[in-house]
Amino acid sequence: MDLYQELILEHSKRPQHAGLREPFEAEVHHVNPTCGDEVTLRVHIEDSAEGPVVRDVSYDALGCSISMASVSILAEETIGHPLAEALRTHEAMRAMLTSKGEDPGDEEVIGDGVALSGVAKYPARVKCALLGWMAFTDALHQSGRETTTQQTQQDLPEEGTS
Amino acid sequence: MTAQPFTTEEVARIRADFPILARTVRDGAPLVYLDSGATSHKPVQVLDAERDFYERLNSAPHRGAHALSEEATAAYEGARERIAAFIGAQAQDVVFTKNATEGLNLAAYAFSNSPHPGIPGSERFALGEGDEVLVTEMEHHANLVPWQELCRRTGATLRWIPVTEEGRLDLSGLDELLTERTKVVAFVHASNVLGTVNPVQPIVARAREVGAIVVLDACQSVPHLGVDVTELGVDLLAFSGHKMFGPSGIGVLWGRREVLEAMPPFLTGGSMIETVRMEGSTYAAPPQRFEAGVPMTAQAIGLAAAVDHITELGIERIHAHELALTERLLAGLAARSWVTVVGPTGLDERGGTVAFVVDGVHAHDVGQVLDNAGVAVRVGHHCAWPLHRRFKVAATTRASFAAYNTVDEVDALLEALDRVPAIFGMAS
(Lines give C-alpha, C1' and ligand atoms only; values in the text may rest on other atoms or scores of the structure.)
Protein backbone atom coordinates (compact mmCIF):
# COMPACT_ATOMS: atom_id res chain seq x y z
CA MET A 1 0.00 0.00 0.00
CA ASP A 2 1.38 3.39 -1.01
CA LEU A 3 0.13 4.89 2.25
CA TYR A 4 2.50 2.88 4.42
CA GLN A 5 5.91 3.85 3.13
CA GLU A 6 8.93 2.36 4.86
CA LEU A 7 9.80 5.72 6.41
CA ILE A 8 6.42 5.93 8.11
CA LEU A 9 6.75 2.46 9.58
CA GLU A 10 10.29 3.23 10.78
CA HIS A 11 9.21 6.45 12.46
CA SER A 12 6.14 4.84 14.04
CA LYS A 13 8.16 1.92 15.43
CA ARG A 14 11.09 4.03 16.57
CA PRO A 15 9.73 7.51 17.21
CA GLN A 16 12.51 10.11 17.22
CA HIS A 17 12.97 12.35 20.27
CA ALA A 18 10.09 10.59 22.10
CA GLY A 19 9.53 11.17 25.81
CA LEU A 20 8.75 14.27 27.85
CA ARG A 21 11.74 16.45 28.75
CA GLU A 22 12.63 19.63 30.56
CA PRO A 23 12.96 22.54 30.21
CA PHE A 24 9.80 23.59 28.43
CA GLU A 25 7.64 26.71 28.28
CA ALA A 26 4.33 25.05 27.44
CA GLU A 27 2.78 21.58 27.55
CA VAL A 28 -0.43 20.66 25.72
CA HIS A 29 -2.56 17.55 25.48
CA HIS A 30 -4.44 16.91 22.24
CA VAL A 31 -6.79 14.06 21.40
CA ASN A 32 -8.51 12.83 18.30
CA PRO A 33 -11.98 12.21 19.75
CA THR A 34 -13.10 9.89 16.96
CA CYS A 35 -10.37 7.31 17.57
CA GLY A 36 -8.93 8.19 20.95
CA ASP A 37 -5.40 8.96 19.74
CA GLU A 38 -3.58 11.19 22.19
CA VAL A 39 -0.43 13.27 22.33
CA THR A 40 1.11 15.24 25.18
CA LEU A 41 3.65 17.64 23.73
CA ARG A 42 6.10 20.18 25.17
CA VAL A 43 8.02 22.94 23.43
CA HIS A 44 11.19 24.70 24.49
CA ILE A 45 11.97 27.87 22.52
CA GLU A 46 15.00 30.08 23.08
CA ASP A 47 15.61 33.55 21.75
CA SER A 48 18.89 34.10 19.92
CA ALA A 49 20.46 36.96 18.00
CA GLU A 50 18.93 35.51 14.79
CA GLY A 51 15.50 35.14 16.33
CA PRO A 52 13.73 32.40 18.27
CA VAL A 53 14.98 28.83 17.90
CA VAL A 54 13.19 25.54 18.62
CA ARG A 55 15.49 23.95 21.20
CA ASP A 56 13.28 20.97 22.01
CA VAL A 57 10.01 19.27 21.14
CA SER A 58 9.30 16.40 23.48
CA TYR A 59 6.20 14.25 23.51
CA ASP A 60 4.34 11.22 24.75
CA ALA A 61 2.00 9.86 22.08
CA LEU A 62 -0.42 6.99 21.69
CA GLY A 63 -1.93 6.37 18.31
CA CYS A 64 -1.89 4.84 14.85
CA SER A 65 1.24 4.61 12.72
CA ILE A 66 0.33 7.78 10.83
CA SER A 67 -0.04 9.95 13.93
CA MET A 68 3.04 8.42 15.57
CA ALA A 69 5.18 8.90 12.46
CA SER A 70 3.94 12.44 11.98
CA VAL A 71 4.88 13.59 15.48
CA SER A 72 8.26 11.85 15.18
CA ILE A 73 8.94 13.66 11.90
CA LEU A 74 7.77 16.90 13.50
CA ALA A 75 10.38 16.58 16.25
CA GLU A 76 13.09 15.63 13.78
CA GLU A 77 12.32 18.48 11.39
CA THR A 78 11.93 21.23 14.00
CA ILE A 79 14.40 20.61 16.86
CA GLY A 80 17.39 22.89 16.43
CA HIS A 81 15.74 24.89 13.67
CA PRO A 82 14.75 28.57 13.78
CA LEU A 83 11.12 28.95 14.82
CA ALA A 84 10.29 30.76 11.56
CA GLU A 85 11.57 27.76 9.62
CA ALA A 86 9.63 25.33 11.83
CA LEU A 87 6.45 27.28 11.13
CA ARG A 88 7.12 27.17 7.41
CA THR A 89 7.58 23.41 7.71
CA HIS A 90 4.22 23.26 9.48
CA GLU A 91 2.58 25.30 6.73
CA ALA A 92 4.08 23.05 4.06
CA MET A 93 2.98 19.89 5.89
CA ARG A 94 -0.54 21.23 6.30
CA ALA A 95 -0.69 22.30 2.66
CA MET A 96 0.42 18.87 1.49
CA LEU A 97 -1.89 16.95 3.82
CA THR A 98 -4.97 18.97 2.89
CA SER A 99 -4.25 19.03 -0.85
CA LYS A 100 -6.26 15.84 -1.59
CA GLY A 101 -3.11 14.51 -3.24
CA GLU A 102 -2.37 17.54 -5.47
CA ASP A 103 0.68 18.64 -3.47
CA PRO A 104 3.36 15.91 -3.25
CA GLY A 105 5.37 17.89 -0.67
CA ASP A 106 8.84 19.41 -0.96
CA GLU A 107 11.54 17.32 0.65
CA GLU A 108 13.73 20.43 0.98
CA VAL A 109 11.14 21.94 3.32
CA ILE A 110 9.54 19.01 5.12
CA GLY A 111 12.22 16.30 4.96
CA ASP A 112 10.80 12.87 5.89
CA GLY A 113 7.39 14.54 5.90
CA VAL A 114 7.09 13.72 2.20
CA ALA A 115 6.55 10.09 3.24
CA LEU A 116 3.16 11.22 4.55
CA SER A 117 2.02 12.56 1.17
CA GLY A 118 -0.13 9.47 0.59
CA VAL A 119 -2.28 10.41 3.59
CA ALA A 120 -3.80 13.31 1.65
CA LYS A 121 -5.81 10.85 -0.41
CA TYR A 122 -7.50 9.49 2.72
CA PRO A 123 -9.52 12.33 4.29
CA ALA A 124 -10.29 10.24 7.37
CA ARG A 125 -6.56 9.96 8.13
CA VAL A 126 -5.52 13.58 7.57
CA LYS A 127 -6.39 14.47 11.15
CA CYS A 128 -4.19 11.61 12.39
CA ALA A 129 -1.25 13.17 10.56
CA LEU A 130 -2.10 16.67 11.77
CA LEU A 131 -2.61 15.77 15.44
CA GLY A 132 1.00 16.40 16.49
CA TRP A 133 1.29 19.54 14.39
CA MET A 134 -1.88 20.99 15.91
CA ALA A 135 -0.44 20.28 19.33
CA PHE A 136 2.85 21.92 18.30
CA THR A 137 1.25 25.19 17.15
CA ASP A 138 -1.03 25.21 20.21
CA ALA A 139 2.00 24.79 22.50
CA LEU A 140 3.79 27.62 20.71
CA HIS A 141 0.72 29.80 21.11
CA GLN A 142 0.49 28.97 24.81
CA SER A 143 4.13 29.82 25.28
CA GLY A 144 3.40 33.27 23.88
CA ARG A 145 4.92 32.77 20.43
CA GLU A 146 3.36 33.87 17.19
CA THR A 147 2.25 30.88 15.15
CA THR A 148 1.38 32.45 11.83
CA THR A 149 4.14 32.34 9.25
CA GLN A 150 3.17 35.76 7.92
CA GLN A 151 4.52 37.38 11.05
CA THR A 152 7.76 35.44 11.13
CA GLN A 153 8.67 35.26 7.47
CA GLN A 154 11.20 37.70 6.12
CA ASP A 155 9.21 38.39 2.97
CA LEU A 156 6.22 40.02 4.61
CA PRO A 157 3.96 41.98 2.30
CA GLU A 158 4.19 45.74 2.90
CA GLU A 159 0.67 46.13 4.21
CA GLY A 160 1.26 43.40 6.77
CA THR A 161 3.98 45.30 8.58
CA SER A 162 2.25 48.59 9.24
CA MET B 1 -37.55 -26.11 14.48
CA THR B 2 -34.71 -23.73 15.09
CA ALA B 3 -34.21 -21.01 12.52
CA GLN B 4 -31.57 -21.64 9.86
CA PRO B 5 -29.08 -19.21 8.33
CA PHE B 6 -29.96 -18.01 4.84
CA THR B 7 -28.74 -20.20 1.99
CA THR B 8 -26.33 -18.83 -0.60
CA GLU B 9 -29.24 -18.40 -3.03
CA GLU B 10 -31.35 -16.65 -0.43
CA VAL B 11 -28.57 -14.21 0.46
CA ALA B 12 -28.09 -13.46 -3.23
CA ARG B 13 -31.79 -12.57 -3.47
CA ILE B 14 -31.60 -10.47 -0.29
CA ARG B 15 -28.58 -8.59 -1.64
CA ALA B 16 -30.36 -7.80 -4.89
CA ASP B 17 -32.68 -5.48 -2.93
CA PHE B 18 -29.72 -3.40 -1.69
CA PRO B 19 -28.31 -1.55 -4.73
CA ILE B 20 -25.30 -0.14 -2.87
CA LEU B 21 -23.90 -3.64 -2.29
CA ALA B 22 -23.14 -3.89 -6.02
CA ARG B 23 -20.71 -0.99 -6.03
CA THR B 24 -16.94 -1.05 -5.86
CA VAL B 25 -14.56 1.06 -3.79
CA ARG B 26 -10.86 2.01 -3.88
CA ASP B 27 -9.86 1.24 -7.46
CA GLY B 28 -12.43 -1.40 -8.21
CA ALA B 29 -12.53 -3.60 -5.11
CA PRO B 30 -16.02 -5.06 -4.55
CA LEU B 31 -17.55 -3.53 -1.44
CA VAL B 32 -17.52 -5.87 1.57
CA TYR B 33 -19.69 -4.00 4.03
CA LEU B 34 -19.18 -5.23 7.60
CA ASP B 35 -20.22 -2.02 9.37
CA SER B 36 -23.97 -2.45 9.75
CA GLY B 37 -23.63 -1.84 13.48
CA ALA B 38 -22.82 1.76 12.59
CA THR B 39 -25.54 2.00 9.98
CA SER B 40 -27.21 -0.57 7.77
CA HIS B 41 -27.92 -0.22 4.08
CA LYS B 42 -31.45 0.39 2.79
CA PRO B 43 -33.39 -1.92 0.51
CA VAL B 44 -35.26 -0.54 -2.51
CA GLN B 45 -38.55 -1.20 -0.67
CA VAL B 46 -37.59 1.43 1.93
CA LEU B 47 -36.33 3.89 -0.68
CA ASP B 48 -39.54 3.40 -2.69
CA ALA B 49 -41.73 3.96 0.39
CA GLU B 50 -40.03 7.27 1.13
CA ARG B 51 -40.17 8.38 -2.48
CA ASP B 52 -43.81 7.35 -2.74
CA PHE B 53 -44.69 9.52 0.25
CA TYR B 54 -43.10 12.58 -1.31
CA GLU B 55 -44.61 11.88 -4.72
CA ARG B 56 -48.19 11.20 -3.61
CA LEU B 57 -48.85 12.26 0.00
CA ASN B 58 -46.40 14.98 0.94
CA SER B 59 -47.98 17.27 3.53
CA ALA B 60 -47.82 17.88 7.28
CA PRO B 61 -49.67 15.23 9.29
CA HIS B 62 -51.95 16.23 12.17
CA ARG B 63 -52.38 19.69 10.68
CA GLY B 64 -55.12 21.02 8.45
CA ALA B 65 -58.14 19.20 7.12
CA HIS B 66 -57.25 18.95 3.47
CA ALA B 67 -57.11 15.63 1.68
CA LEU B 68 -53.34 15.32 1.50
CA SER B 69 -52.90 16.05 5.20
CA GLU B 70 -55.49 13.44 6.09
CA GLU B 71 -53.81 10.84 3.92
CA ALA B 72 -50.36 11.73 5.30
CA THR B 73 -51.72 11.46 8.85
CA ALA B 74 -53.14 8.03 8.08
CA ALA B 75 -49.83 6.91 6.57
CA TYR B 76 -47.82 8.30 9.50
CA GLU B 77 -50.04 6.72 12.15
CA GLY B 78 -50.21 3.51 10.13
CA ALA B 79 -46.42 3.41 10.21
CA ARG B 80 -46.53 3.84 13.97
CA GLU B 81 -48.87 0.84 14.26
CA ARG B 82 -46.66 -1.42 12.14
CA ILE B 83 -43.51 -0.43 14.03
CA ALA B 84 -45.29 -0.90 17.38
CA ALA B 85 -46.51 -4.36 16.38
CA PHE B 86 -42.93 -5.31 15.45
CA ILE B 87 -41.83 -4.82 19.08
CA GLY B 88 -45.02 -6.18 20.65
CA ALA B 89 -46.26 -2.73 21.63
CA GLN B 90 -49.36 -0.57 21.31
CA ALA B 91 -49.11 2.31 18.83
CA GLN B 92 -49.84 5.02 21.42
CA ASP B 93 -46.79 3.94 23.43
CA VAL B 94 -44.41 4.49 20.52
CA VAL B 95 -42.78 7.94 20.35
CA PHE B 96 -40.95 8.90 17.19
CA THR B 97 -37.59 10.58 17.76
CA LYS B 98 -34.72 11.57 15.51
CA ASN B 99 -32.71 8.51 16.55
CA ALA B 100 -31.92 6.44 19.65
CA THR B 101 -29.64 9.18 20.97
CA GLU B 102 -32.56 11.58 21.01
CA GLY B 103 -34.80 8.92 22.56
CA LEU B 104 -32.33 8.37 25.40
CA ASN B 105 -31.94 12.12 25.89
CA LEU B 106 -35.72 12.41 25.96
CA ALA B 107 -35.75 9.84 28.76
CA ALA B 108 -32.94 11.58 30.66
CA TYR B 109 -34.52 15.02 30.29
CA ALA B 110 -37.82 13.75 31.68
CA PHE B 111 -35.95 13.75 34.97
CA SER B 112 -35.40 17.02 36.73
CA ASN B 113 -34.72 18.44 40.17
CA SER B 114 -38.45 18.92 40.85
CA PRO B 115 -41.77 17.42 39.72
CA HIS B 116 -43.58 19.10 36.83
CA PRO B 117 -46.60 20.95 38.30
CA GLY B 118 -48.77 20.16 35.29
CA ILE B 119 -47.94 16.44 34.96
CA PRO B 120 -49.52 14.19 37.61
CA GLY B 121 -47.16 11.43 38.69
CA SER B 122 -44.01 13.26 37.65
CA GLU B 123 -42.65 13.00 41.22
CA ARG B 124 -40.95 9.80 40.03
CA PHE B 125 -38.88 11.96 37.72
CA ALA B 126 -37.59 14.35 40.38
CA LEU B 127 -33.99 13.72 41.41
CA GLY B 128 -31.72 15.28 43.97
CA GLU B 129 -28.72 14.71 46.19
CA GLY B 130 -28.71 11.23 47.65
CA ASP B 131 -30.50 9.79 44.62
CA GLU B 132 -28.59 7.55 42.24
CA VAL B 133 -28.54 6.77 38.54
CA LEU B 134 -27.15 3.37 37.56
CA VAL B 135 -25.57 2.62 34.19
CA THR B 136 -22.95 0.10 33.04
CA GLU B 137 -19.33 0.28 31.95
CA MET B 138 -20.24 -0.99 28.46
CA GLU B 139 -22.59 1.83 27.48
CA HIS B 140 -22.45 3.70 24.21
CA HIS B 141 -21.84 7.38 24.96
CA ALA B 142 -25.49 7.99 24.02
CA ASN B 143 -26.60 6.03 27.08
CA LEU B 144 -23.93 7.44 29.37
CA VAL B 145 -23.37 11.14 28.75
CA PRO B 146 -27.09 12.13 29.08
CA TRP B 147 -27.11 10.44 32.52
CA GLN B 148 -23.87 12.14 33.53
CA GLU B 149 -25.46 15.44 32.58
CA LEU B 150 -28.63 14.56 34.51
CA CYS B 151 -26.53 13.93 37.63
CA ARG B 152 -24.73 17.22 37.13
CA ARG B 153 -28.03 19.11 36.86
CA THR B 154 -29.69 17.47 39.85
CA GLY B 155 -26.90 16.54 42.25
CA ALA B 156 -27.70 12.84 41.92
CA THR B 157 -24.82 10.33 41.87
CA LEU B 158 -23.88 8.20 38.86
CA ARG B 159 -22.90 4.59 39.54
CA TRP B 160 -22.10 1.80 37.13
CA ILE B 161 -22.10 -1.96 36.82
CA PRO B 162 -18.59 -3.19 35.93
CA VAL B 163 -17.71 -5.45 33.00
CA THR B 164 -15.90 -8.79 33.37
CA GLU B 165 -12.80 -9.81 31.46
CA GLU B 166 -15.02 -11.90 29.17
CA GLY B 167 -17.08 -8.83 28.30
CA ARG B 168 -20.18 -9.58 30.35
CA LEU B 169 -21.88 -7.46 32.99
CA ASP B 170 -20.61 -8.33 36.45
CA LEU B 171 -23.91 -8.62 38.30
CA SER B 172 -22.35 -10.07 41.46
CA GLY B 173 -22.70 -6.71 43.21
CA LEU B 174 -26.09 -5.83 41.72
CA ASP B 175 -27.96 -5.68 45.05
CA GLU B 176 -25.42 -3.18 46.40
CA LEU B 177 -25.43 -1.06 43.22
CA LEU B 178 -29.19 -1.09 42.61
CA THR B 179 -30.77 0.07 45.87
CA GLU B 180 -33.61 2.16 47.26
CA ARG B 181 -31.52 5.20 46.32
CA THR B 182 -31.52 4.23 42.62
CA LYS B 183 -34.17 6.17 40.71
CA VAL B 184 -33.25 5.00 37.24
CA VAL B 185 -31.14 2.23 35.74
CA ALA B 186 -30.12 2.58 32.09
CA PHE B 187 -28.27 -0.16 30.23
CA VAL B 188 -27.61 -1.58 26.81
CA HIS B 189 -29.39 -4.71 25.59
CA ALA B 190 -26.72 -5.79 23.07
CA SER B 191 -23.29 -4.15 23.22
CA ASN B 192 -22.30 -2.25 20.09
CA VAL B 193 -18.67 -3.28 20.68
CA LEU B 194 -18.53 -6.67 22.40
CA GLY B 195 -21.61 -8.22 20.86
CA THR B 196 -22.68 -9.27 24.35
CA VAL B 197 -26.42 -9.66 24.88
CA ASN B 198 -27.09 -8.61 28.45
CA PRO B 199 -29.51 -10.40 30.78
CA VAL B 200 -32.43 -8.01 31.16
CA GLN B 201 -34.51 -10.06 33.57
CA PRO B 202 -32.32 -9.95 36.73
CA ILE B 203 -31.81 -6.20 36.42
CA VAL B 204 -35.52 -5.57 35.85
CA ALA B 205 -36.40 -7.85 38.79
CA ARG B 206 -34.07 -5.96 41.14
CA ALA B 207 -35.26 -2.58 39.80
CA ARG B 208 -38.87 -3.59 40.54
CA GLU B 209 -37.92 -4.38 44.15
CA VAL B 210 -36.58 -0.87 44.68
CA GLY B 211 -38.95 1.04 42.37
CA ALA B 212 -36.33 2.24 39.87
CA ILE B 213 -37.28 3.10 36.30
CA VAL B 214 -35.54 0.86 33.75
CA VAL B 215 -34.29 2.31 30.44
CA LEU B 216 -32.98 -0.05 27.77
CA ASP B 217 -30.79 0.93 24.82
CA ALA B 218 -32.05 -1.56 22.23
CA CYS B 219 -30.20 -0.14 19.20
CA GLN B 220 -28.31 -3.35 18.49
CA SER B 221 -31.02 -5.78 19.59
CA VAL B 222 -34.23 -4.64 17.87
CA PRO B 223 -32.69 -5.05 14.36
CA HIS B 224 -31.10 -8.43 15.04
CA LEU B 225 -32.64 -10.38 17.92
CA GLY B 226 -36.33 -9.74 17.90
CA VAL B 227 -37.55 -7.72 20.85
CA ASP B 228 -40.88 -7.94 22.63
CA VAL B 229 -41.32 -5.05 25.04
CA THR B 230 -43.90 -6.86 27.18
CA GLU B 231 -41.54 -9.82 27.66
CA LEU B 232 -38.58 -7.62 28.56
CA GLY B 233 -40.48 -5.79 31.29
CA VAL B 234 -38.50 -2.55 31.00
CA ASP B 235 -40.08 0.91 31.32
CA LEU B 236 -38.47 2.74 28.40
CA LEU B 237 -36.68 1.37 25.33
CA ALA B 238 -34.90 3.26 22.55
CA PHE B 239 -33.70 2.26 19.08
CA SER B 240 -32.69 3.83 15.76
CA GLY B 241 -34.24 3.26 12.35
CA HIS B 242 -31.05 3.62 10.32
CA LYS B 243 -29.46 0.53 11.89
CA MET B 244 -32.38 -1.68 10.75
CA PHE B 245 -32.67 -0.96 7.02
CA GLY B 246 -34.63 2.23 7.76
CA PRO B 247 -33.88 5.83 6.85
CA SER B 248 -31.69 8.08 8.98
CA GLY B 249 -33.51 10.71 11.01
CA ILE B 250 -36.03 8.37 12.62
CA GLY B 251 -35.87 6.47 15.89
CA VAL B 252 -38.24 5.21 18.54
CA LEU B 253 -38.65 5.63 22.25
CA TRP B 254 -41.16 3.09 23.49
CA GLY B 255 -42.53 3.57 26.99
CA ARG B 256 -44.80 1.76 29.38
CA ARG B 257 -47.99 3.81 29.27
CA GLU B 258 -48.13 4.92 32.91
CA VAL B 259 -44.45 5.91 32.69
CA LEU B 260 -44.92 7.97 29.50
CA GLU B 261 -47.99 9.62 31.02
CA ALA B 262 -45.99 10.75 34.06
CA MET B 263 -43.10 12.09 31.96
CA PRO B 264 -42.65 15.83 31.49
CA PRO B 265 -41.99 16.91 27.89
CA PHE B 266 -38.48 17.26 26.47
CA LEU B 267 -38.63 19.24 23.21
CA THR B 268 -41.54 21.68 23.27
CA GLY B 269 -43.40 23.65 20.62
CA GLY B 270 -46.06 22.86 18.07
CA SER B 271 -48.22 19.72 18.12
CA MET B 272 -47.18 18.61 21.61
CA ILE B 273 -49.56 20.99 23.36
CA GLU B 274 -53.12 20.75 24.63
CA THR B 275 -53.76 24.46 25.28
CA VAL B 276 -51.43 27.43 25.04
CA ARG B 277 -51.95 30.78 26.74
CA MET B 278 -49.45 33.56 27.28
CA GLU B 279 -49.41 32.65 30.96
CA GLY B 280 -48.60 28.99 30.37
CA SER B 281 -49.46 25.79 28.52
CA THR B 282 -50.76 22.30 29.07
CA TYR B 283 -49.56 19.31 27.16
CA ALA B 284 -50.98 16.61 24.93
CA ALA B 285 -51.09 12.98 25.98
CA PRO B 286 -48.26 10.69 24.83
CA PRO B 287 -46.98 10.06 22.23
CA GLN B 288 -47.83 13.55 20.85
CA ARG B 289 -46.46 15.17 24.03
CA PHE B 290 -42.98 14.08 22.90
CA GLU B 291 -43.29 14.90 19.20
CA ALA B 292 -42.88 18.65 18.87
CA GLY B 293 -42.83 20.12 15.39
CA VAL B 294 -43.78 18.69 12.01
CA PRO B 295 -42.64 15.07 12.31
CA MET B 296 -40.32 12.99 10.12
CA THR B 297 -43.23 11.57 8.17
CA ALA B 298 -41.41 10.05 5.20
CA GLN B 299 -38.81 8.56 7.53
CA ALA B 300 -41.46 6.95 9.75
CA ILE B 301 -43.07 5.46 6.65
CA GLY B 302 -39.64 4.29 5.48
CA LEU B 303 -39.00 2.67 8.84
CA ALA B 304 -42.35 0.86 8.66
CA ALA B 305 -41.28 -0.49 5.26
CA ALA B 306 -37.99 -1.60 6.84
CA VAL B 307 -39.89 -3.39 9.60
CA ASP B 308 -42.01 -5.13 6.96
CA HIS B 309 -38.82 -6.15 5.17
CA ILE B 310 -37.32 -7.63 8.34
CA THR B 311 -40.57 -9.43 9.11
CA GLU B 312 -40.57 -10.91 5.62
CA LEU B 313 -36.99 -12.15 6.02
CA GLY B 314 -37.78 -13.42 9.50
CA ILE B 315 -36.00 -11.99 12.54
CA GLU B 316 -35.12 -15.49 13.83
CA ARG B 317 -33.47 -16.35 10.54
CA ILE B 318 -31.65 -13.00 10.48
CA HIS B 319 -30.28 -13.75 13.95
CA ALA B 320 -29.32 -17.33 12.97
CA HIS B 321 -27.62 -16.04 9.83
CA GLU B 322 -25.64 -13.37 11.66
CA LEU B 323 -24.61 -15.86 14.34
CA ALA B 324 -23.34 -18.29 11.68
CA LEU B 325 -21.19 -15.50 10.23
CA THR B 326 -20.04 -14.58 13.75
CA GLU B 327 -19.05 -18.18 14.43
CA ARG B 328 -16.97 -18.30 11.25
CA LEU B 329 -15.27 -15.00 12.04
CA LEU B 330 -14.55 -15.94 15.67
CA ALA B 331 -13.04 -19.25 14.50
CA GLY B 332 -10.90 -17.43 11.92
CA LEU B 333 -9.68 -14.90 14.45
CA ALA B 334 -8.95 -17.61 17.03
CA ALA B 335 -6.69 -19.32 14.47
CA ARG B 336 -4.56 -16.18 14.27
CA SER B 337 -2.36 -15.94 17.34
CA TRP B 338 -1.65 -12.26 16.72
CA VAL B 339 -5.33 -11.31 17.06
CA THR B 340 -7.22 -10.88 20.35
CA VAL B 341 -11.01 -10.69 20.43
CA VAL B 342 -12.46 -8.16 22.87
CA GLY B 343 -15.74 -9.66 24.03
CA PRO B 344 -17.26 -13.13 24.34
CA THR B 345 -15.52 -15.70 22.13
CA GLY B 346 -18.46 -18.10 22.24
CA LEU B 347 -21.91 -17.77 20.69
CA ASP B 348 -24.04 -17.83 23.85
CA GLU B 349 -25.97 -14.63 24.55
CA ARG B 350 -24.23 -12.94 21.66
CA GLY B 351 -25.05 -10.86 18.62
CA GLY B 352 -23.24 -10.40 15.31
CA THR B 353 -20.71 -7.80 16.42
CA VAL B 354 -17.06 -8.76 16.82
CA ALA B 355 -14.34 -6.40 18.09
CA PHE B 356 -10.68 -7.32 18.03
CA VAL B 357 -7.15 -5.98 18.28
CA VAL B 358 -4.08 -6.95 16.29
CA ASP B 359 -1.07 -7.11 18.59
CA GLY B 360 1.11 -4.05 18.13
CA VAL B 361 -0.90 -2.52 15.31
CA HIS B 362 -3.33 0.33 15.88
CA ALA B 363 -6.93 -0.31 14.79
CA HIS B 364 -6.77 2.63 12.37
CA ASP B 365 -3.94 0.92 10.54
CA VAL B 366 -5.74 -2.43 10.52
CA GLY B 367 -8.86 -0.73 9.16
CA GLN B 368 -6.82 0.98 6.45
CA VAL B 369 -5.43 -2.32 5.19
CA LEU B 370 -8.93 -3.85 5.19
CA ASP B 371 -10.36 -0.78 3.45
CA ASN B 372 -7.74 -1.09 0.76
CA ALA B 373 -9.22 -4.53 0.00
CA GLY B 374 -12.73 -3.06 -0.06
CA VAL B 375 -13.60 -4.35 3.42
CA ALA B 376 -15.48 -1.70 5.42
CA VAL B 377 -15.22 -2.10 9.20
CA ARG B 378 -15.37 0.35 12.06
CA VAL B 379 -12.18 1.37 13.86
CA GLY B 380 -11.80 3.42 17.00
CA HIS B 381 -13.64 3.32 20.31
CA HIS B 382 -17.10 3.07 18.71
CA CYS B 383 -18.51 5.72 21.08
CA ALA B 384 -17.72 3.46 24.03
CA TRP B 385 -14.52 5.00 25.34
CA PRO B 386 -14.86 3.87 28.98
CA LEU B 387 -15.34 0.29 27.80
CA HIS B 388 -12.11 0.49 25.79
CA ARG B 389 -10.34 1.90 28.85
CA ARG B 390 -11.68 -1.06 30.82
CA PHE B 391 -9.90 -3.39 28.39
CA LYS B 392 -6.82 -1.13 28.30
CA VAL B 393 -6.99 -0.65 24.54
CA ALA B 394 -7.08 2.69 22.74
CA ALA B 395 -9.13 1.37 19.86
CA THR B 396 -10.52 -1.82 18.36
CA THR B 397 -11.45 -3.01 14.89
CA ARG B 398 -15.10 -4.03 14.72
CA ALA B 399 -16.97 -6.12 12.19
CA SER B 400 -20.76 -6.17 12.45
CA PHE B 401 -23.15 -8.21 10.36
CA ALA B 402 -26.56 -7.88 8.73
CA ALA B 403 -28.83 -10.23 6.79
CA TYR B 404 -27.13 -9.35 3.49
CA ASN B 405 -23.62 -10.47 4.52
CA THR B 406 -22.11 -13.65 3.16
CA VAL B 407 -19.66 -16.31 4.29
CA ASP B 408 -17.37 -15.15 1.47
CA GLU B 409 -17.31 -11.69 3.00
CA VAL B 410 -16.10 -13.10 6.31
CA ASP B 411 -13.35 -14.87 4.41
CA ALA B 412 -12.51 -11.65 2.54
CA LEU B 413 -12.00 -9.91 5.88
CA LEU B 414 -9.73 -12.67 7.16
CA GLU B 415 -7.76 -12.73 3.91
CA ALA B 416 -7.24 -8.97 4.01
CA LEU B 417 -6.33 -9.18 7.69
CA ASP B 418 -3.50 -11.58 6.83
CA ARG B 419 -1.78 -8.73 4.98
CA VAL B 420 -1.41 -6.74 8.20
CA PRO B 421 1.58 -8.61 9.73
CA ALA B 422 3.66 -8.24 6.56
CA ILE B 423 2.88 -4.56 6.07
CA PHE B 424 3.66 -3.65 9.67
CA GLY B 425 6.66 -5.96 9.99
CA MET B 426 5.20 -8.11 12.74
CA ALA B 427 6.71 -11.49 13.47
CA SER B 428 3.71 -13.71 12.80
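Naming: A, B, ... by sequence-line order, numbering from 1 per chain. Keep in mind that this is a model prediction, so the values were computed, not measured.
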**Prompt:** Which pairs count as ring pair (Phe, Tyr, Trp, His ring centres under 6.0 Å) when at least one residue sits in residues 375-401 of chain B, sequence neighbours excluded?
**Reply:**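 Found B:His141-B:His381, B:His381-B:Trp385, B:His382-B:His388.
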Should the heavy atoms of other residues, nucleotides or ligands under 6.0 Å from [atom1] of [X] be counted, would the total exceed 12?
{"X": "A:His141", "atom1": "NE2", "value": "no"}
{"X": "A:Lys100", "atom1": "NZ", "value": "no"}
{"X": "B:Glu415", "atom1": "CD", "value": "no"}
{"X": "A:Lys127", "atom1": "NZ", "value": "yes"}

**Request:** Counting only heavy atoms closer than 4.5 Å, note whether B:Arg26 contacts chain A via side chain, backbone, both or neither.
**Result:** side chain
**Item:** ring-ring contact (aromatic ring centres under 6.0 Å, His included) against A:Phe24, all qualifying residues, sequence neighbours excluded
**Value:** none
**Asked** Among residues 27-42 of chain B, which residues come closer than 4.5 Å to chain A, judged by heavy atom distances?
**Response**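 Not one residue of residues 27-42 of chain B has a heavy atom under 4.5 Å from chain A.
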**Item:** Pairwise side-chain contact, A:Tyr4 with B:Asn372, heavy-atom cut-off 4.5 Å (strictly under)
**Value:**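 A:Tyr4 vs B:Asn372: side chains apart.
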**Item:** Heavy-atom closest contact (B:Ile423 atom, A:Leu9 atom, distance)
**Value:** O-CD1, 3.0 Å
**Request:** Nearest 0.5 Å please: distance from the CD atom of B:Gln368 over to the SG atom of A:Cys128.
**Result:**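 Rounded to the nearest 0.5 Å, the CD-SG separation comes to 8.5 Å.
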**Complete:** Here the gap from A:Tyr122 atom OH to B:His364 atom NE2, rounded to the nearest 0.5 Å, amounts to 14.0 Å
**Salt-bridge criterion met for B:Asp365 and A:Arg125 (N-O under 4.0 Å)** =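 A salt bridge links B:Asp365 with A:Arg125.
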**Asked** side chain to side chain contact (heavy atoms under 4.5 Å, CB included) between B:His362 and A:Asp37: does it pass, once the steps are laid out?
**Response** CA-CA 10 Å; B:His362 193 279; A:Asp37 287 0; 2.8 Å; yes
**Asked** Looking at residues at least two apart in the chain, or sitting in another chain, which of them share a salt bridge (charged side-chain N to carboxylate O under 4.0 Å, His left out) with A:Arg14?
**Response** none
